[in-house]
2 protein chains.
Amino acid sequence: MLHPQDDRYVLTSPTAMPQAGGFLWNRRMMIQVTCRGYATAQFMQPEPAKYSHAPNLEAKSFMQPEQAYYAHHPGRFFYVKDEETGELFSAPHEPVRGGVDRFEFSVGPQDLRWTVEKLGIRIELTLTLPLEDVAELWSFAVTNLSGRKRKISVYPYFTIGYMSWMNQSAEYRHDLGGIVASSVTPYQKLEDYFKNRLFKDKTVLLCEQAPDAWEVNQSAFEGEGGLHAPSAVNEERLACGDARYETPVGVVQYRFDLAPNAQEQRRLLFGPAFDDAEVAQLRTRHLSETAFAAAAREQQAYQKEGAGVLSIATPDKEFDNFVNRWLARQVFYHGDVNRLSTDPQTRNYLQDNMGMAYVKPASARAAFLHALSQQEPSGAMPDGILLFAGAELKYINQIPHTDHCVWLPVCLRAYLDETGDDAILDEQVSAADGSTKSAFERICLAMDWLLHKRDARGLSYIEQGDWCDPMNMVGYKGRGVSGWLTVAAGYALKLWSAMCAARGEAALAARFEAGVQDLNRAANTHLWDGAWYARGITDDDVKFGVAADPEGRIYLNPQSWSFLSGAASDDQRSLMLAQIDEQLATPYGVQMFAPPYSKMRDDVGRVTQKHPGSAENGAVYNHAAVFYIYSLYTIGETERAFDALRKMIPGPDQEDYLRRGQLPVFIPNYYRGAYKEYPRTAGRSSQLFNTGTVAWVYRCVIEGLCGLRGDGNGLAVAPQLPAHWPGMSVTRHFRGATFEVEIKRGAVDQVTVNCDGAMLPAPRVDNIEPGRTYRLEVTVP
Amino acid sequence: MLHPQDDRYVLTSPTAMPQAGGFLWNRRMMIQVTCRGYATAQFMQPEPAKYSHAPNLEAKSFMQPEQAYYAHHPGRFFYVKDEETGELFSAPHEPVRGGVDRFEFSVGPQDLRWTVEKLGIRIELTLTLPLEDVAELWSFAVTNLSGRKRKISVYPYFTIGYMSWMNQSAEYRHDLGGIVASSVTPYQKLEDYFKNRLFKDKTVLLCEQAPDAWEVNQSAFEGEGGLHAPSAVNEERLACGDARYETPVGVVQYRFDLAPNAQEQRRLLFGPAFDDAEVAQLRTRHLSETAFAAAAREQQAYQKEGAGVLSIATPDKEFDNFVNRWLARQVFYHGDVNRLSTDPQTRNYLQDNMGMAYVKPASARAAFLHALSQQEPSGAMPDGILLFAGAELKYINQIPHTDHCVWLPVCLRAYLDETGDDAILDEQVSAADGSTKSAFERICLAMDWLLHKRDARGLSYIEQGDWCDPMNMVGYKGRGVSGWLTVAAGYALKLWSAMCAARGEAALAARFEAGVQDLNRAANTHLWDGAWYARGITDDDVKFGVAADPEGRIYLNPQSWSFLSGAASDDQRSLMLAQIDEQLATPYGVQMFAPPYSKMRDDVGRVTQKHPGSAENGAVYNHAAVFYIYSLYTIGETERAFDALRKMIPGPDQEDYLRRGQLPVFIPNYYRGAYKEYPRTAGRSSQLFNTGTVAWVYRCVIEGLCGLRGDGNGLAVAPQLPAHWPGMSVTRHFRGATFEVEIKRGAVDQVTVNCDGAMLPAPRVDNIEPGRTYRLEVTVP
């Protein structure tokens, strides 16, 4: 049903995993398409906008997990009709549905493809994106497999949907060679008029070859037959109508007389445009065989820019395939387009750019400095980083959170390890308040802010939320504290203290190290609950995330980060790991907390409202899970670490794919949890590929599993292979050099490294020479 | 296909007018249902909210015209399956569609009913609302018409939809006897949590008799079959599943063994609830045969409160039927529930309550005083009137408009005529600024504000809009003026001057009359364009709505109101009427302006963006049309007046119904215009029954057509019958008395009135005695 094929993933049933699909992007747009033909696309102007709309007035919102599909969800459908018998099917699968003789959907890094056969006809679909324009490039080929002459019609159907209550219309434009739907983005406030004037309010479906007929009126197309059996398709030709303040649609009809084995191919372009001139330009630029080929080449080149620094060969081929072909792609997506947002959350922006440290270090560098330029005079970091002039903090970024400073040293550490670019810390960064300080000074300021924002007990205030953003009721009165943030601040300070020491700033290093001790002490004094750390203490001094709680009893994050901060002793760790195994581990990864809340806890907050079965309630929230994994590698818990890491990627068995409902081409932000309470839905993928998880997974594979971490002027070597692997091979690009690494088990007490035939005195390669290829033979115990 | 039957309207085809339907309301909710089973319902908590949702995250918006329906639009469907053959149909029509043997949909004032027959089974559906709770009361009866024993299943299907991204789930609750779906209204801002706590976040489908099976999971119900052929219905029994962060649905299955001619009946309740206790209470209170009967009686009694003051018998039976059975109902709806809004636009609030002057004068009185209590210190009226503590100005009410003061004397005049309650003007009204003034003083202040808000030419500033609210670009820089508002202010001042005079306030009367003269002079000097008045002059001194304009050349409102204000001389009127006939008249009424705009006019504004085919662009906007009618009655243009009035009501011929697509049970806010440019869509009803039109239609029928207007302490009699009517009968309730009026044509020069056998000296009845029935014989020339 599902198998990797070259660099693609192939799915051969449209019903087994109906939500599964793939996503494509360029710097200005993103499209997620399911194997059955539903699509969610957005582009930047500069705020996210749509050109293929829902059938009603849809709310603007952040990207939602577990997208709900329904008959009129935006989609790209290809109806195929036998002109002689009137029989009908549709590719990929929606909206006619029903069995086909062959179905094949495959996701490649730069295109999506389908092959569908029925009624002796094969139809092949390909979608790719150009690199610089907002446009979908579609081609379809129909082949007569029946051994006799056939008369068929193919009707590409593109949802335009409910564009605007203010105005919408559509018509076929012979001069432009396609369907042009026009609208005006609705507004009531005068100032919005001036904002909206340059919006691309047209949606176009352009045809390289003129169609035989078309329809642009949704209701005329469907008639009484409905979307699954449109009345207009029963006629010989579509009616070539118009839409006047009626819901538009883009449908064209191609009539083919096909000799046996004959094939016909057509190319289409679908997307938004500002005016006729732009429509004409889109056509000229993209709508030809050569332009399609050029777009594919450019996409390929673009993807290559994001190829990353790692290739592995292990006994687990599915794992290799994901790491080698898909993981860096997802990291690159996050870092290069910032999730198609104009105001990424500060913690996301920093982590996504931590990933870019491996993929495009110059971008990461610029991003860290850009983030620091928005630091507040107090040292606090804002809730989101504005990327464009005129961008505004939206949605959750309007809610004050107290954790953003933590991510500065945590993410910067990876960048410095990978690049050795210590000079970044000396960069002068000007902020909105007119102040100019070095990056180093700014991070010191941020660390002092973390130390300052604590109560008399030394615990970190949570205010309206920390990283776990739905927790908005714990401390809104100003007294509640976060267990996670206390140890997270400890970890940040610990890293920063070491960086200060490395720069020779001994006094600062000592001051921050004292802060670490104080935070860890406070955590142990006030939050240790006997076998794990509490999640926090409310405004009214109620400790939660503790053994006495029937729901939300144990949270993962305070435990993982206490491993990182050093708060937990060895004895404490053993107790915690046992509880995590018992209370949080599931076949799909480690839950964020358990048991799930069944009702609102007024003193804890928003997350608790996400009650049974709800997305994040007791989910395997991968962003939390990956810190657990990272912390496990840090403390040498190799088996637990790999086990949890492996569970982030669907497969390898068919049952696991089915359960999760996702192709292993990205890591979603969560898998459904509540494993004990709601086994039916546990494990299901959110299908949402926007997540801070992926940069950390990449880091875990590089630093943890492969143990090939930059360190000072060299590369430290400390692989952590799971016990059932006899060895692995790694190609690692690092500071301009290439390392071909063979890792094997051997009768050694500690890691030994043979570099180009010579044993190294310690497991590290120093003084890396750019351009050189190093061959390492690594033996591990 | 369509015919009146008793007090109902009956439609016998589900396909001829697919959008046609009816609406029901009580003081806390409203539901509009199409003949095919789609439904739009909202209730107040206190802001408008939904319990039956779209399949996606829908935007909150004001009520939209020309609702777009699609497969998963919220609906109430009853699938009927023959258990022996597996054949399936659905009533009313969606979602299975397909032909049936009999279809009958009828709208009554307090219920909606369907009768559908297919496969030898009759299913009858009835929907009514209780008076005090938010709940739909549904009953269905199935009858075996086939003459043989039958095994059937009936599956009532109620859309619950995408409740919340934060949480949604559903299950069948044996203890409560029905399906309970739970959600949490999403929020991110802390303060919203406290607002949302008391929201009715549950949606329930309660069953008087326990069903045989159920399904609450939308996707499990549909399976691969889809909504039109749900997979779950192919099984013997529904699976009795649950929904956990999955889109919920309410479907129950009743299995029946029906002997020939046997009938089974079931009752269901659908609506929102806060908690289990409220669910239980809803059940106890409403879910029985006696409770359903009681609800029907209460609804009937409620509707009777809104019966109005008029009953007519004319040669036009369709017209009579509308006026006698439906018009006052629509007036009552507007006035009693304020369109289910918490911040009605000031002009709407005043006009809706002008309608209440006829229906519930005490409500009108309270509303006028309430509106005045929100007057600003400058005399300006706000853009909306807040009805509840905590209500906020929303949507278009956040855009400053300059016309609100106009409506005070215009609407109050009708109230005073109908009630003779001059004492209202002496009521002391306190405002938010702490000031207390009499209503009279406040209206004087408002009139002074109108006089003040004019430019050096004496023309009224438009700022970001006047009554024609989309016209937001004309005067946003502060210089543009409105032609309509100039003459509308003139009309308001003319009325108010007369009211001042009647109170003996001669100086004030003179001052305001001087204002009238000045406004009319300014209009004639600066806006007269040769054959009509211009619509306005922009900030940059461009006159528009003039002969030189290729689009938006002539607007209706400035003409009608110049008749009312007295700006137009007899000669001017003749020129204007000819142009209106030529440029604006259509078979569906008089367009608001013509020709429609084909593109944005940056200096005019939002309306111009509603280009070809768009809702209000060149529409027969009934609110504008009714003022034309009112002005025509005022100047004695009887034929034109009745002709335009008659066109507001669909019918009487079938072709007209089909074109408009609406049952004549309400007047919509517009019929599509652009009659010359887009004949295909011209005439189509907006299906939106919220409109300031209806109070004025009622007033036109009373004052104009019937000519039975209150005047001082009496009733003036001046009928204006269209030429083709030989006469008419009227029953008019007025100040506690009843007037039985027979109007006939006769050889008279002017109207004569015989009252209870005696000729009156003048056509008016003075010193009305409450409780008395007067019999008037009226002879008109």
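A note on names: the letters A, B, ... follow the listed sequences, proteins ahead of strands, and every chain is numbered from 1.
Looking at Tyr70(A), the atoms closer than 4.5 Å to chain B (heavy atoms on both sides) sit in the backbone and in the side chain alike. Heavy-atom distances place the side chain of His228(A), and not its backbone, under 4.5 Å from chain B. Contact annotation for Tyr395(A): both backbone and side-chain heavy atoms come within less than 4.5 Å of a heavy atom of chain B. Of the atoms belonging to Leu227(B), not a single heavy atom falls under 4.5 Å from chain A. At a 4.5 Å heavy-atom cutoff, the contact between Leu190(A) and chain B is made by backbone and side-chain atoms alike. With a threshold of 4.5 angstrom between heavy atoms, Glu58(A) approaches chain B through its backbone and through its side chain.
Side-chain contact of Tyr476(A) with Glu191(B): a donor-acceptor pair under 3.5 Å is absent, judged by distance alone.
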Please walk me through it: do Arg36(B) and Glu224(A) pass salt bridge (Lys or Arg N to Asp or Glu O under 4.0 Å)? CA-CA 12 Å; Arg36(B) 293 161 68 108; Glu224(A) 280 294 309; 2.5 Å; yes
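A donor-acceptor pair is defined here as one N or O able to donate and one able to accept, closer than 3.5 Å; such a pair exists between the side chain of Gln188(B) and the backbone of Ile396(A). Counting only distance, with no hydrogens or angles, the side chain of Gln19(A) and the backbone of Ser686(A) share no donor-acceptor pair below 3.5 Å.
Interface remark: of the candidates Ala71(B), Pro55(B), Pro18(B), Pro55(B) forms the most heavy-atom pairs closer than 4.5 Å to chain A. When each of Asn56(A), Asp242(A), Thr247(A) is scored by its heavy-atom pairs under 4.5 Å with chain B, the top score falls to Asn56(A). For chain B, the option among Phe62(A), Tyr69(A), Tyr162(A) with the highest count of heavy-atom pairs below 4.5 Å is Phe62(A).
Contact of the Phe221(B) side chain with the Ser231(B) side chain is not registered, since no non-hydrogen atoms from C-beta on lie closer than 4.5 Å.
In this structure, His73(B) has its ring center closer than 6.0 angstrom to the ring center of Tyr38(B).
Looking at Phe199(A), Phe194(A), Tyr193(A) one by one, the single match for ring pair (Phe, Tyr, Trp, His ring centres under 6.0 Å) with Tyr187(A) turns out to be Tyr193(A).
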